[in-house]
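A quick write-up on the structure given underneath.
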Amino acid sequence: MIRPLCKQVMVLLLLTAVLPVYAETTAIVGGKVHTVGPQGVLENATIIIRDGLIDAVGTDIAVPAGATRIDAAGKIVTPGLFTPMGNIGLIEVGFSAGPLDYVQRGDQFTASFEVADAFNPRSTLISVNRIEGVTRALVSPAAASMDETGFTSHVISGMAAVANLSGKEDSIDRRDAALIVNLGEGGVEYAGSSRASALLILRNALDEAKDFALHREEFERGEHRDYNFSFSDLTALQRVLSGDIPLLANVDRASDILGLIRLGDEYGLRLIVNSGVEAWLVADELAAANVPVIVAPEANLPSNFDRVNARSDLAAILSKAGVKVAFADGSGMTENARNITQSAGNATVGGMSWDAALRAITLDPAEIYGVADRVGSIEPGKEADVVIWPGDPFELSNYPDQVFIRGEAIEMKSRQTLLRDRYMQTGSHERPAYRH
Amino acid sequence: MVTKLYSVLAIAVLILAGCESDQVEAPNEAYKSQYQPRASGSTLLRGAIVLTGTGERLDGADVLIAEGKIVAVGPGLEGEGAAVIDAGGNWVTPGVIDVHSHLGVYPSPGTASSSDGNEMTAPVTAEVWAEHSVWPQDPGFVTALAGGVTAMQILPGSANLIGGRGVTVKNVPGRSVMEMKFPGAPYGLKMACGENPKRVYGGRGMAPSTRMGNVAGYRAAWIKAADYRDKRTAFAKGIGEAPMRDLQLDTLVGVLDGEILVHNHCYRADEMAIMLEIAEEFDYKISAFHHAVEAYKIPDLLAASGTCAAVWADWWGFKMEAFDGIRENAALLQNAGACAIIHSDSEIGIQRLNQEAGKVMGAAARVGIDIAPEIAIQWLTRNAAKALGIDEFTGTLEPGKMADIVLWNGNPFSVYTRAERVYIDGALAFDRDDPAADPVTDFSLGTAAMNGGAK
């Protein structure tokens, strides 16, 4: 008698564990909501979240019966933050410990290398960053210097993905959000000679991919010339040539950025510039070509000869010229993607508007990576990534009260808060390891 | 004419000082500070919120500067002939001091040819001095100045167990490092725990390749130093022969004699505890642990030994020994009565040490620890000065101290606040409203730094 009942309970438990349970309705009531959408900023507004999605947002919305009501009076409510560059989920400890799953060395695979397959939704970095408001991340492959075996990385690093920081198995939102390439000083290293060869390698890849599209059948029959790039790379490049997948270039020098724009014109590519320290010199060209730029507002030093004309008002100049801007943390540390709010604040001091800066850490990156239909703003129908702040989210003293990812109130804990709480306990004579 | 007169005077002073010197280590005035403050005049900053660095906050207070020194701090001051600056709405603090910088030794641009911070050729290189690598034209000095930094310690890197001497400089343009050296500042000695030395040398199949190898290396160095010191002392008493002068041991003996301050790169709590044991064994003091991401686990040990912990606000996890970093580190140290310092180790971070402190304050407040601005400012002023041994000269706004001062356009712990004016020895060193008067390094001539890069 007991056993069948047990089985039923087990099945129920399993179902609960396996299926996403979005039966709940949540109402966030009374906050000042920066929707970053068409509804703009709403005072004393209500957000209804149902089945993981934003159901409604407005100032005259009734809270449905049975909804979990969250009081946000006096609070600031924003969309979840989107970190537009980094390796979250691909590393635990970046330096001298463990694998770097974002690095693809050697020439065998380039464009077809997809970091989505390496993403770890339980990475320590995820909880540390999400409790501070980061709900989505670009997860990028990256180049690395020559290793002990003599393999350098390639000019083409591979395919970046967009991930949510829910910590769940279905964290990958988009496997092929951008093809990552390295031009300029980085490209020189991976091409092994000149920045001209980095560009040449990229051209060669695109030319081969075009040729491959026309002669694929002959190639498979062995009746066509060989290619430098592999079958899987040439296949992956097709959607870059068609404009479905943008090509993101790590590039700083103004002349290299112009070279990239010309390349984009020639091949009909959708482009993204990352880092772009000298992008302000070609802001009008970037705006005309509709190329967004991911910048670190703090990077104001001529740290190499591609960055001689660094300046701290880069984001403001680009934004005012009509270039879409997103912020990567100035320290370049994936561990601290959470500091993009500080970067946003610093960008406003450089002259960017507050609203543009908020957009740069929410909707702009979602648009840049083609997931704005799902995230980036608080609009009905979008996935409910929502952050409740005690005040101005850019201000250093403010940390989120509560973060929602896909409608779910996440546990506001990380390994760091656990460490903190253990060592903050006073009046205990037990050693730390006994203070759980 | 005036310049000439100063030069003659300076030379006279140098000669006098040279005659009086009886140190074994410095038989003449070579390498000494040639820093000359710029003309100061008299300035009255009126009606500001003043964080004195001594732990006090004075609202609506004035700061009177004359002849490079702070004359008075308080309400309703009058300064005859002083230029009066209306500082209503401004906050005034001591100049920011970074105890851990590599400006000049790892300058921008970071080319291989100017990578001069790590003498990675032996695990103990106490004989090298960071100042002999400092390139004064590093544009990072100017961007740091825009962040309110008036003094800093430039250290060798952390590849070695004992990396060499650090130098404390005033953040002023100089043609040589001597023209920047902070007058009267003691030298620092860079030591390093943990991953770096054992990786660098273990990777070459030599010692140290483990943490126990690290410790053996420090101890062996101190044994040699003690022996050298004893031989020198004996010779001074007429016993035995004078040991041949040894640059490496000169520096280590300087530590044993308390003249050179140890700055010890060390992340983990367990390793800091062992370093304190080594200091006990050889009877020297560790002035500060740097990068101490796990300092919050041992505030009692740090408080008892009088060792400061210089930390970042939130760097963590980029290497194994940084895995346990937490945002509240500095606040937990403060709360336990230990000496906390916020440092940068970064040409970018040094520009915003105030913001780093702001992040810690916010994080601490979440768990019920309120750190007042007048306390937090000490993390980047007085406590830093103390660890560098320059707190008798700078680090607080007290009469008689160097007028190293920052005038902020708001609460310095807000992300929206910037240093508006920076005074070094009473002279206006940086003025956000008058970029044309701000310093420009040789390297930055003709670049964007001339029209916005530095700010």
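All chains are named by letter (A, B, ...) in the order of the sequence lines, taking the proteins before the strands, and each is independently numbered beginning at 1. Fair warning: this is a prediction, and the values are worked out from it, not measured in the lab.
Both the backbone and the side chain of Gln355(B) come within less than 4.5 Å of a heavy atom in chain A. Residue contact with chain A, scored on non-hydrogen atoms closer than 4.5 Å, involves the backbone of Phe413(B) exclusively. Contact annotation for Glu132(A): only side-chain heavy atoms (C-beta onward) come within less than 4.5 Å of a heavy atom of chain B. Proximity to chain A (any heavy atom under 4.5 Å) is shown, for Ala322(B), by neither the backbone nor the side chain. Residue Leu314(A) does not touch chain B at all, counting heavy-atom pairs closer than 4.5 Å. Interface remark: Leu332(B) contributes side-chain atoms only to the contact with chain A (heavy atom separation under 4.5 Å). Within the 4.5 angstrom heavy-atom criterion, atoms from both the backbone and the side chain of Glu347(B) approach chain A. Looking at Met320(B), the atoms closer than 4.5 Å to chain A (heavy atoms on both sides) sit in the backbone and in the side chain alike. Proximity to chain A is limited to the side chain of Thr111(B), based on heavy atoms less than 4.5 angstrom apart.
Chain A forms the most heavy-atom pairs under 4.5 Å with one residue out of Ala365(B), Ala336(B), Gly362(B), Ala364(B), and that residue is Gly362(B). The choice from Pro139(B), Ser414(B), Ala313(B) that makes the most heavy-atom pairs within less than 4.5 Å of chain A is Ser414(B). The greatest number of non-hydrogen atom pairs below 4.5 Å with chain B, out of Arg415(A), Arg338(A), Glu278(A), is found for Arg338(A). In terms of heavy-atom pairs under 4.5 angstrom with chain B, the leader among Leu419(A), Val128(A), Asp392(A) is Leu419(A). When each of Gly140(B), Gly358(B), Pro109(B) is checked for heavy-atom pairs under 4.5 Å with chain A, Pro109(B) comes out on top. Ranked by heavy-atom pairs under 4.5 Å with chain B, the list Asn398(A), Thr417(A), Thr124(A), Thr348(A) is led by Thr124(A). Among the candidates Leu396(A), Val93(A), Asn346(A), the residue making the largest number of heavy-atom pairs closer than 4.5 Å to chain B is Leu396(A).
Considering Val273(A), Val295(A), Val282(A) as possible partners of Leu318(A), the one that fulfils the side chain to side chain contact (heavy atoms under 4.5 Å, CB included) test is Val295(A). Residue His343(B) forms a ring-ring contact (aromatic ring centres under 6.0 Å, His included) with just one option from Trp312(B), Trp379(B), Phe289(B), and that option is Trp312(B).
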*Going through the checks in order, is the side chain to side chain contact (heavy atoms under 4.5 Å, CB included) test met by Thr341(A) and Glu395(A)?*
CA-CA 8 Å; Thr341(A) 47; Glu395(A) 194 49 277; over 6 Å; no

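Inter-residue side-chain proximity for Met424(A) and Arg435(A) is flagged as unmet; no heavy-atom pair is nearer than 4.5 Å. With a 4.5 Å cut-off on side-chain heavy atoms, Met412(A) and Pro400(A) count as touching. Within the 4.5 Å cutoff, the side chain of Phe443(B) has heavy atoms near those of the Pro302(A) side chain. Side-chain contact check for Val149(B) versus Phe430(B): every heavy-atom pair is 4.5 Å or farther apart. A 4.5 Å side-chain heavy-atom check between Trp315(B) and Ser346(B) finds at least one atom pair inside the cut-off.
A salt bridge does not link Asp421(A) to Lys413(A): none of the charged nitrogens lies less than 4.0 Å from a carboxylate oxygen.
In summary, the side chains of Tyr106(B) and Asp138(B) do not present any donor paired with an acceptor at a separation below 3.5 Å, with no hydrogens or angles considered.
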